[in-house]
Amino acid sequence: MTDTPETPRDFIRQIVAADLASGKHGQVVTRFPPEPNGYLHVGHAKSICLNFGIALEFGGLCYLRMDDTNPLRESAHFEEAIVDAVRWLGFDWGPRLTHASDYFEQIHGCAIQLIESGKAYVDSLSPEEIRAYRGTLTEPGRDSPCRTRSPAENLDLFARMRAGAFADGEHVLRAKIDMASPNINLRDPVLYRIRKAHHQRTGDAWCIYPMYDFAHTISDALEHITHSLCTLEFEDHRPLYEWILDNLDLPSRPRQIEFSRLNLAYTVTSKRRLAALVESGEVSGWDDPRMPTVAGMRRRGYPPAALRDFASRVGVTKKDHQIEMGLLETCVRDELNRNAPRALAVLDPLKVVLHNWPEDHVEWLTAPNHPERGDLGERSIPFTGEIYIERDDFMEDPPRKFHRLKPGGEVRLRHGYIVRCDEVIRDESGQVVEIRCSCDLESRSGSDNPASQRKVKGTIHWVSASHAVQAEVRLYDRLLATERAEARDEDFRAGLNPASLAVREGALLEPALATAAPGDVYQFERLGYFVADRKDHAPGRAVFNRSVTLRDTWAKIGTSA
RNA sequence: UGGGGCGUAGCCAAGUGGUAAGGCAGCGGGUUUUGAUCCCGCCAUGCGCAGGUUCGAAUCCUGCCGCCCCAGCCA
């Protein structure tokens with residue numbers, strides 16, 4: 001996996017290839033630096049595929065680095081979830097699982113360096129004052145009165161900050177850059193703040209914690225990251241990133257390159273909003289199958305290879321974009337079509353009695369598990385005189401081109417026989433409760449009888465009544481009713497799709513499905529791909545989640561007509 | 001209105017002065033005992049707009065227009 005692509009697919013890979021070709025770097029080193037304060041989502045998956053993918057393709061290394069500089073928001077639980085997600089996506093960081101907190105001592109040393117060289121100072125303004133002094137987008141800021149403190153005084157103050165002599169918020173350490181800079185990130189950014197909080201890894205060893213820009217830049221340099229890839233919103237931070245590199249004595253000089261973050265239509269890809277959905281109970285958790293989190297997509301039955309494929313098809317640019325859900329679904333279908341065994345299941349059962357079928361006779365039919373892959377084997381399906389079909393597959397007064405069951409019409413029962421609808425039975429309310437059919441006993445699928453070659457317009461799925469396995473099937477749809485979420489936080493939950501989850505309690509499965517293990521994905525023929533739920537599916541209680549429907553050109557004709 | 005970015009088809013995206021790749025979606029057709037899969041074909045006289053340079057411009061220049069990001073002791 002060390003082949004360098006002939007034509008790098010995107011501008012970042014072009015830069016990497018050029019840096020390798022010119023000898024600027026002997027080996028590429030990247031990193032994926034999540035903050036352990038939430039679950040990873042599809043946008044992170046894109047970044048993971050980029051960073052780990054580049055390392056793989058160019059024979060380099062990629063670190064998985066936890067950006068744990070804010071003990072108030074982070075937890076070991078989230079860290080575990082992140083590690084799980086990256087591993088599940090198929091990437092390997094070897095011994096390179098690191099933490100910004102691993103470098104707290106060195107980062108602290110860097111702060112001292114800056115103080116000594118007169119490039120950082122302790123500011124004793126309140127948070128409100130700092131904000132006021134910062135100016136606005138169009139007006140320059142003003143120097144803090146503390147800006148002229150001597151290195152000696154700053155050293156002393158900073159030492160006492162570290163020693164815990166002050167309360168949260170009393171002082172901060174700031175870089176001395178330029179309060180009049182048109183780039184607000186350069187108006188003496190805060191480097192360290194006091195936080196008397198327990199850190200999940202360093203415990204109570206520290207009561208001052210470095211800010212993102214400072215910790216991140218130094219961590220990159222210490223790990224000899226060659227290409228530090230991040231999203232567009234950090235573009236304005238790059239001058240600060242470079243300032244830090246310029247003014248410190250560090251072992252390497254990484255280059256930051258920005259790309260646009262992934263936006264997916266009909267869902268949210270903001271950690272804050274995902275957290276809001278979890279906390280409000282709108283979804284069952286971070287791994288709810290409707291969530292665009294890696295955990296959610298996993299539980300939904302999306303294969304990791306599909307997500308990698310998606311990341312590669314989406315590309316890497318600096319353009320703002322909004323990717324259609326359809327592309328993700330196509331990737332999922334492509335992968336599952338190749339690999340998922342087929343099975344028969346009925347979500348909304350309608351009883352069918354074959355009145356000429358020999359009473360109590362059970363015939364075990366043999367069916368391949370995949371139409372193109374013999375290696376997936378075959379299984380037996382019981383055929384009997386009382387079966388269930390999908391309610392949608394029968395219409396008393398169907399439109400033209402309806403290739404399913406209708407009064408007097410014939411259909412092929414998948415892998416079985418051709419049946420003709422002779423009679424429709426309804427209850428007092430007029431609801432169709434049973435169809436009585438005659439079965440062409442010579443028409444068994446795959447038999448040598450000429451009758452088995454008869455062309456009938458439709459083939460439908462079915463399940464033997466006496467062998468059916470009861471199941472709960474959860475049908476998922478897009479999280480949002482509109483393509484993009486409302487801009488305002490207060491409004492975005494109002495845009496949720498009320499039909500994002502529909503439960504079919506009375507679904508019936510062919511008996512072979514009784515042995516499905518949690519996480520197994522099948523194609524329920526003509527319906528879609530379904531995964532045995534990782535949490536709720538158990539022997540004796542079948543629970544399947546619909547990963548994605550099959551492409552359905554018939555449904556499309558129906559809606560456009 | 002300061003600074004930083006970005007505008008190529010419905011959605012993505014190549015393209016770096018030589019006459020608009022590819023994918024998704026869509027449309028048409030073929031195969032098919034899953035209306036699936038698979039296969040074939042079609043789909044930008046035009047690259048935000050207007051000028052200019054050039055034999056030649058999506059690519060260079062000028063001027064507009066539009067969209068995104070930044071004023072956390074969050075990342």
Side-chain angles (χ1 to χ4, degrees), chain A residues 7 9-10 33-35 37 67-70 72-74 123 125-127 130-132 134-141 168-174 181-187 189-195 208-209 211-213 215-216 230-239 258 260 265 271-272 312-331 333-334 337-338 342 344 370-372 401-404 411-416 418 443 445-446 452-461 523-528 549-557:
Chain A
T7 330
R9 301 203 304 272
D10 55 71
E35 182 187 16
N37 71 336
D67 218 334
D68 56 348
T69 56
N70 187 351
L72 261 27
R73 317 199 319 167
E74 296 145 10
D123 198 350
L125 254 25
S126 70
I130 287 183
R131 193 185 326 124
R134 188 152 32 225
T136 69
L137 293 179
T138 52
E139 302 156 27
D168 288 12
E170 268 191 76
H171 306 281
V172 290
L173 183 72
R174 289 231 253 173
S181 172
N183 180 345
I184 289 182
N185 295 294
L186 260 21
R187 318 242 263 230
V190 172
L191 265 21
Y192 260 95
R193 78 287 217 189
I194 300 170
R195 277 247 199 297
I208 55 172
Y209 293 93
M211 297 287 288
Y212 162 80
D213 290 292
H216 187 260
C230 62
T231 44
L232 250 29
E233 63 268 30
F234 294 102
E235 207 149 22
D236 289 341
H237 294 236
R238 183 161 17 101
E258 310 84 11
S260 48
K271 223 195 264 183
R272 259 165 29 73
S312 112
R313 293 207 214 189
V314 155
V316 180
T317 67
K318 300 187 71 157
K319 255 177 276 192
D320 286 318
H321 57 209
Q322 175 96 335
I323 308 292
E324 291 175 343
M325 226 1 141
L327 182 61
L328 212 206
E329 292 178 342
T330 290
C331 295
R333 288 190 189 107
D334 273 8
N337 174 52
R338 275 194 296 278
R342 313 283 125 126
L344 301 182
H370 193 287
E372 278 130 32
K401 294 188 180 171
F402 181 81
H403 299 166
R404 309 180 188 181
V411 286
R412 156 85 58 190
L413 294 173
R414 179 67 165 161
H415 302 304
I418 295 169
S443 66
S445 195
S452 74
Q453 309 299 326
R454 285 173 52 211
K455 297 288 175 197
V456 287
K457 45 199 149 191
T459 298
I460 64 174
H461 57 279
Q523 182 194 106
F524 290 177
E525 293 203 35
R526 303 210 309 128
L527 294 173
T549 60
L550 256 29
R551 272 186 75 234
D552 187 350
T553 48
W554 171 248
K556 205 152 50 189
I557 292 164

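Just so it is clear, the structure is predicted and the values come from calculations on it, not from any experiment. In the text below, chain A, chain B and the rest are named by the order of the sequence lines, each starting its count at 1.
Distance, His370(A) NE2 to rU32(B) P: 19 Å, rounded to whole Å. In this structure, Glu235(A) atom CD and rC69(B) atom P are separated by 13 Å, rounded to whole Å. Taking atom NZ of residue Lys318(A) and atom P of nucleotide rG4(B), one finds them 12 Å apart after rounding to whole Å. Regarding Glu233(A), its CD atom lies at a distance of 14 Å from the C1' atom of rG72(B), rounded to whole Å. Nucleotide rC12(B) holds its P atom 7 Å from the CD atom of Glu324(A), rounded to whole Å. Whole-Å rounding puts the Arg454(A) CZ to rU32(B) P distance at 18 Å.
Nucleic acid contact class of Leu125(A) (heavy atoms, under 4.0 Å, all strands): base. Heavy atoms of Ser445(A) sit under 4.0 angstrom from at least one base atom. Heavy atoms of Leu137(A) sit under 4.0 angstrom from at least one base atom. Arg313(A) comes within 4.0 angstrom of the backbone, heavy atoms only, and of no base. Among the protein residues, Arg414(A) comes within range of the nucleic acid bases, having at least one heavy atom under 4.0 Å from a base atom.
Evaluation of atom-type donor-acceptor distances gives no pair under 3.5 Å for the side chain of Asp552(A) against the base of rG35(B). One donor-acceptor pair, N or O on each side, does fall under 3.5 Å between the base of rU33(B) and the side chain of Arg412(A). Between the side chain of Gln523(A) and the base of rU34(B), a donor-acceptor pair under 3.5 Å is found.
Nucleotide rG7(B): paired with rC65(B) (Watson-Crick or G-U wobble, both distances less than 3.5 Å).
The phosphate of rC73(B) (OP1 or OP2) has a side-chain N or O of Arg134(A) nearer than 4.0 angstrom.
We find that the ring of His216(A) and the base of rA75(B) do not stack by the test of centres under 5.5 angstrom and planes tilted less than 30°.
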